[in-house]
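We number each residue from 1, following the sequence as shown. Just so you know, these numbers come straight off a predicted model, no measurement behind them. As a basis for the values below, the full set of heavy atoms in this structure was taken, side chains included, without hydrogen atoms, waters or symmetry mates.
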Amino acid sequence: MSDAARVPGSGSGSGPGSQLGAESREILARLAELRAADAPTHGGRVLSYVYDAGDPELDELADLAASAARPLNGLDPTTFTSIAAMERDLIAFMRAALGGDRPSRARGPRVVGSVTSGGTESCLLAVKTARDLWRAANPSARNPSARNPQGIAERPQPRPRLVTATTAHAAFQKSARLFDLDWDPAPCEADGSVRASELIERLGDDVALVVVSAPAYPTGAIDPIAEVAAAAAARGIPCHVDACFGGLALPWWPGVPAWDFRVPGVTSISADLHKFGYAPKGVSVLLHRGRSRHRAQFFATTGWPGYPVVNPTLLGSRSASPTAAAWAITQRLGLAGYAGLTAACVRASEALQYAARGIGGLAVLGSPVGPAFAVVADDSVPASGRVDPHHLADEVARLGFRIQHQPGLTQANGVRIPHSAHLTIMPVTERSVPELSAALTRAADAVRGRPRASARVELAALTALGYGPGGRIPSPETAWRILRLAGAGRVASGGLPPRLATLMSLAESLPPRVAEALLTELLARASEPK
């Protein structure tokens, strides 16, 4: 089924939407026209952002369940009791999948949790919960200008720290900014892996939370979870496992050591149902070990003249449709169904990594575990034989597949994680392995030996205007002029730059605040009315 055909009522004849009037049909036809310009969400052509199980029945089931729950408001599951019932089932299912269904003295208290709107909200809530509990245990840190009983100003206490690897999802940087923590990233090796010692040596009394990834999205590497969780537990520090990406694939991935609630010291886990749970966006879960920690996640107030407000999530009113769709899919698949879909991901990942390693001038980054890996230029061969991953991604897009450009990062200790191209592997990917492998080979042959894209002209212009290292932040107008120079002008008319290698080079070469201003402008212009 094409993506355009998924817009109900956009055609003629009987079926969903057949009772609509002419004006409504015209609106849906326009929506179908807009959707036709999107990258395809089904069929395995886009290897990021979307998660296709390759089973049309699951899509139809999700659509019907979501439609049935459309009028409901997740703000009050005591009024709409079906929401509470579905959330109970989802939390129980995820608890079983993530090793938390059998509490014991060694593993700690009962695992409980909440359904959220997505991975970012789950991560935000994990950090917010840890910060609030840390503040409760360190009351003097809440008021740096506090005075002792003698009226003498007390020494200001530090803000709490959030410790992660450099490769932890950017949602944790967002969490630190929003909730007033100091983000303390532990440097990774050049292949994106992180040593347990780098995280453990950062643990101290001011750490509110340490985060480990299963796996890290940019590289597919699993952090040293057991070692870090044990060290954190010995210091009384909570340890969160970010399994938003891999939470519904790793439980059935072969050869993966324990990483979930089976590991003592793991206090919370986030996992997305709209990724390898194959539910529509957006639905995730955040699970906590113990009711007290879970309850600290909530916001509650009776301090206004309206209804008592009790929110387990950041949102108040929220759609129940994604929850219903996720509930229906988990009921349909069960643990055995997810095991079968994961097996397809394993086969596809192994085949594609084998193909990538066989392409001269290209290499797989590190030792990925799970449904994602990244490719980089092979620095062991002469420059004339290397395949730049961003040129590769641009060329592969021309051949009908989308893999994701990832800028490189030079860390505070000088170790550089190279720029790369990311591939998310879905069950449906297995069907396109021969075609995708051929496209990767053909694209590599087309760009082999081509120097990395350079943004020298754009960088020189920015530096001359005072926006280089140590300089000011460009205004929206200046940022857009530079972006147009880099080939991003199509964004304003509803498209993406045809080739992203130059834009990625510019983003990586600039000071972070300047690059972030440019990328903010790029996304803002995409939806700005003319």
Side-chain angles (χ1 to χ4, degrees), residues 1-8 10-11 15-16 32 35 38-70 86 89-90 92-94 96-98 115 118-119 243-254 271-285 320-352 370-372 400-402 423-437:
M1 183 187 295
S2 70
D3 282 358
R6 294 177 186 277
V7 179
S10 56
R35 286 284 286 108
D38 289 336
T41 58
H42 288 72
R45 293 276 167 174
V46 176
L47 285 90
S48 61
Y49 301 127
V50 293
Y51 301 84
D52 183 6
D55 184 347
E57 180 187 341
L58 291 183
D59 289 332
E60 184 174 0
L61 175 63
D63 287 345
L64 293 172
S67 180
R70 181 189 56 78
M86 289 186 290
D89 287 345
L90 282 173
F93 179 86
M94 295 301 293
L98 301 178
V115 176
C244 287
F245 184 73
L248 278 165
L250 290 184
W252 304 279
W253 207 273
D272 289 357
L273 284 149
H274 65 216
K275 290 188 171 73
F276 291 95
Y278 309 108
K281 305 290 189 296
V283 55
S284 174
V285 296
S321 289
T323 297
W327 175 83
I329 290 174
T330 56
Q331 294 286 306
R332 171 67 179 79
L333 287 174
L335 296 176
Y338 280 105
L341 290 172
T342 299
C345 294
V346 172
R347 292 189 295 267
S349 181
E350 290 176 347
L352 286 172
F401 289 92
R402 301 284 185 92
L423 293 84
T424 290
I425 310 302
M426 301 162 282
V428 76
T429 308
E430 186 177 21
R431 302 175 191 172
S432 58
V433 163
E435 187 181 359
L436 177 53
S437 297

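When all heavy atoms of Ile425 and Ala348 are compared, the closest pair comes out as CG2-CB, 3.6 Å. Closest of all the heavy-atom pairs between Ala39 and Val46 is CB-CG2, 3.7 Å. Looking at every heavy atom in both residues, Pro251 comes nearest to Leu98 through CG-CD2, 4.3 Å. Contact detail for Arg45 and Leu47: the closest heavy-atom pair is O-CD1, 3.8 Å. Nearest heavy-atom pair across Ala279 and Val283 is CB-CG1, 3.9 Å. In this structure, Ala328 and Ala65 approach most closely via the heavy-atom pair CB-CB, 3.7 Å.
In this structure, Tyr278 and Tyr338 have parallel ring planes: the angle between them is below the 30° cut-off, well short of the 60° mark.
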Check step by step if side chain to side chain contact (heavy atoms under 4.5 Å, CB included) holds for Thr323 and Leu90. CA-CA 8 Å; Thr323 297; Leu90 282 173; 3.8 Å; yes

Please evaluate residues Leu248 and Leu273 with respect to the criterion side chain to side chain contact (heavy atoms under 4.5 Å, CB included), reporting the C-alpha separation (whole Å), side-chain torsions for both, the decisive distance (0.1 Å), and the verdict. CA-CA 7 Å; Leu248 278 165; Leu273 284 149; 3.6 Å; yes

Side chain to side chain contact (heavy atoms under 4.5 Å, CB included), that's the test. Do Leu333 and Leu58 meet it? Break it down for me. CA-CA 9 Å; Leu333 287 174; Leu58 291 183; 4.1 Å; yes

Between His42 and Val428, is the side chain to side chain contact (heavy atoms under 4.5 Å, CB included) condition met? List the steps. CA-CA 8 Å; His42 288 72; Val428 76; over 6 Å; no

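For the atom pair CE (Met86) and OG1 (Thr330), the distance works out to 10.5 Å, reported to the nearest 0.5 Å. Distance CG/Leu341 to CH2/Trp252: 9.5 Å, rounded to 0.5 Å.
The side chain to side chain donor-acceptor pair (under 3.5 Å) test applied to Ser349 returns Gln353, not counting sequence neighbours. Among residues two or more places apart in sequence or in another chain, the side chain to side chain donor-acceptor pair (under 3.5 Å) test is passed with Arg70 by none.
With Arg431 contributing its side chain and Gly54 its backbone, the two residues share a donor-acceptor pair below 3.5 Å. A donor-acceptor pair under 3.5 Å is formed between the side chain of Thr429 and the backbone N or O of Met426.
Side-chain contact between Leu250 and Phe276 is absent, with no heavy-atom pair separated by less than 4.5 Å.
Sorted by first and then second residue, the side-chain hydrogen bond (donor to acceptor under 3.5 Å, both in side chains) pairs involving residues 339-348 (not counting sequence neighbours) are Arg347-Glu430.
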